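For reference, the structure is listed below as structure tokens.
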Amino acid sequence: LSSSRPQHRLLPGCRAWEWLSQGLPRPKPSVVLTPRKFYAPKLHSTQPAPNDRLPIFMPSLRVNLSSRVRKLLKPSNPQQALQPVLEAMSNSVMAIDERFETRSDGRVSVSIKDLGSNDVSVTVEDNGIGLDDAHYEAFLEVDTEFKKERGGKGVGRLYWLDAFRHIEVQSQYFDNDGTVQRRAFKFVLEDEEQIQDMSPTHNWAESQTGTIIKFRGLRSAAYIEKFPKQAAMVVNHTVSEFIADFLSRNSPLIALSIET
């Protein structure tokens, strides 16, 4: 700016930039609190102060998660009702791909208890890469394209919320410095604060990585009606989901334990 006034580093194109460039009186700062945040210097400062900055927030769309989940396609048969669990298993296989050169080193364990009741519980455990920072950020983004190249649609965990009343996620992973870290939280169907931190309860080995997802209690009437009631049905649908991997001998070990 060609002015005798102190020069301020402002965002080009903003109204304050135009006022100062034309030699008009400096306006009082105005901050709008909306989700996206950028920074610029305080306009009322009489001295340049690069480190003394006010947040300027830019608007962005909000997601009504409850409404988004409510509008998801509901299952019309047992295979579709089991899909949230199969999605979790597919995530485990992808996590194994990222940790090992060959899938044969990977393991996915699925434990189902109280099958046939509305309070059925499902635990999906793997020894994959774990929910590190990059994967966690993708988990927090609705309709993420993080796994798009591998066929991921970014909506699987929304179906978790539609199908089950209680969801817990625990994971152990290595951070960028090679230090073992743990992450544990509850995943709840709320418009805000869907991620609720909890204390890790799983006894991980020191060098082990992986993720454990626990589902319990069917939520909606469609899942209560259509979720498989027999162990054979769960096995058949699981085999159908991963049949191509099984036939090509390109699959981690998948272990199913089912109690009615």
Side-chain angles (χ1 to χ4, degrees), residues 35 63 65-66 68-69 84-100 106-115 117-142 144 146-147 152 154-220 223 227 252-259:
V63 175
L65 191 63
S66 296
R68 177 77 168 81
V69 170
V85 175
L86 299 176
E87 288 283 351
M89 295 174 65
S90 295
N91 289 344
S92 291
V93 174
M94 291 182 185
I96 287 169
D97 285 341
E98 294 193 50
R99 181 183 179 191
F100 300 107
R107 183 191 70 255
V108 181
S109 300
V110 182
S111 173
I112 303 177
K113 296 181 179 181
D114 296 322
L115 182 66
S117 76
N118 296 347
D119 202 39
V120 61
S121 65
V122 182
T123 300
V124 180
E125 180 178 355
D126 66 65
N127 63 338
I129 194 172
L131 198 60
D132 59 17
D133 289 346
H135 291 83
Y136 181 63
E137 288 300 318
F139 186 96
L140 297 180
E141 182 180 355
V142 176
T144 179
F146 187 74
K147 298 179 181 178
V155 297
R157 63 204 179 287
L158 299 186
Y159 283 95
W160 298 356
L161 291 171
D162 196 28
F164 295 99
R165 292 184 283 109
H166 305 284
I167 305 171
E168 293 182 1
V169 179
Q170 298 193 53
S171 184
Q172 181 163 289
Y173 59 94
F174 291 110
D175 63 17
N176 293 333
D177 297 325
T179 304
V180 174
Q181 302 288 352
R182 292 182 180 179
R183 197 187 305 276
F185 57 87
K186 295 180 180 180
F187 187 33
V188 300
L189 182 57
E190 300 286 349
D191 288 334
E192 297 181 357
E193 298 181 358
Q194 299 90 2
I195 307 298
Q196 300 179 359
D197 290 339
M198 55 177 281
S199 298
T201 59
H202 186 71
N203 187 22
W204 299 90
E206 183 176 354
S207 61
Q208 182 182 0
T209 64
T211 301
I212 301 173
I213 304 171
K214 295 183 178 182
F215 307 105
R216 182 171 62 82
L218 297 173
R219 180 186 298 277
S220 66
Y223 283 95
F227 198 85
L253 173 64
I254 298 180
L256 276 174
S257 172
I258 305 174
E259 298 178 14

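Computed from a predicted structure; not experimentally measured. These numbers come from the heavy atoms of this one structure, side chains and all, not from hydrogens, waters or symmetry mates. Numbers here are sequence positions counted from 1.
Residues Val93 and Pro252 form a side-chain contact, since some pair of their non-hydrogen atoms from C-beta on lies under 4.5 Å apart. Residues Phe187 and Gln194 form a side-chain contact, since some pair of their non-hydrogen atoms from C-beta on lies under 4.5 Å apart. The shortest distance between side-chain heavy atoms of Val124 and Glu87 does not fall below 4.5 Å.
Val142 approaches Leu158 most closely through the heavy-atom pair CG1-CD1, 4.1 Å. Between Ala184 and Ser199, the closest heavy-atom pair is CB-C, 4.3 Å. Nearest heavy-atom pair across Gly130 and Thr211 is CA-OG1, 3.7 Å. Contact record, Pro84 with Phe164: CB-CE1, 4.4 Å, taken as the closest heavy-atom pair. Nearest approach of Asp119 to Gly217, heavy atoms of both residues: OD1-CA, 3.9 Å.
For Gln170, the side-chain hydrogen bond (donor to acceptor under 3.5 Å, both in side chains) partners are Thr201, not counting sequence neighbours. In this view, Leu253 and Arg107 satisfy the side-chain contact (heavy atoms from CB on, under 4.5 Å) rule, not counting sequence neighbours. Looking at residues two or more places apart in sequence or on another chain, you find a side-chain contact (heavy atoms from CB on, under 4.5 Å) between Arg99 and Asn127, Ile129, Thr209. Residues satisfying the ring pair (Phe, Tyr, Trp, His ring centres under 6.0 Å) test with Tyr136, not counting sequence neighbours, are Phe185. The side-chain hydrogen bond (donor to acceptor under 3.5 Å, both in side chains) check on Asp133 picks up Arg183, with sequence neighbours excluded. Listed by chain and number, the residues in a side-chain hydrogen bond (donor to acceptor under 3.5 Å, both in side chains) with Ser207 amount to none (sequence neighbours excluded). In this structure, Asn176 has no side-chain contact (heavy atoms from CB on, under 4.5 Å) partners at least two apart in sequence or on a different chain. Remark: Tyr223 engages no residue in a ring pair (Phe, Tyr, Trp, His ring centres under 6.0 Å) (not counting sequence neighbours). In this view, Gln181 and Asp175 satisfy the side-chain hydrogen bond (donor to acceptor under 3.5 Å, both in side chains) rule, not counting sequence neighbours. Listed by chain and residue number, nothing satisfies the ring pair (Phe, Tyr, Trp, His ring centres under 6.0 Å) test with Phe227 (two or more places apart in sequence, or in another chain). Residues meeting the ring pair (Phe, Tyr, Trp, His ring centres under 6.0 Å) test with His202, sequence neighbours left out: Trp204.
Note that CD of Gln208 is 15.0 Å distant from OH of Tyr173, once rounded to the nearest 0.5 Å. One finds the CZ atom of Arg165 at 11.0 Å from the OG atom of Ser220 (value rounded to the nearest 0.5 Å). Between the NE2 atom of His166 and the OG atom of Ser121 there is a distance of 11.0 Å, given to the nearest 0.5 Å. Of the inter-residue distances, the one linking Leu189 atom CG with Ile167 atom CD1 reads 8.5 Å to the nearest 0.5 angstrom. Rounded to the nearest 0.5 Å, atoms CD1 (Ile96) and CD1 (Ile254) are 8.0 Å apart. Atom CD in Glu125 sits 10.5 Å away from atom CD1 in Ile213 (nearest 0.5 Å).
Every pair tested for salt bridge (charged side-chain N to carboxylate O under 4.0 Å, His left out) that includes a residue from residues 184-206 fails, sequence neighbours excluded, so the list is empty.
With salt bridges taken as basic N to acidic carboxylate O contacts below 4.0 Å, none links Asp162 and Arg219.
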(request) With side-chain contact (heavy atoms from CB on, under 4.5 Å) as the test, would you mind laying out the steps for Arg68 and Val155 before giving the verdict? (result) CA-CA 10 Å; Arg68 177 77 168 81; Val155 297; 3.7 Å; yes

(request) Before giving the answer on side-chain contact (heavy atoms from CB on, under 4.5 Å), spell out for Val180 and Phe174 the whole-Å C-alpha distance, their side-chain angles and the decisive distance to 0.1 Å. (result) CA-CA 5 Å; Val180 174; Phe174 291 110; 3.2 Å; yes

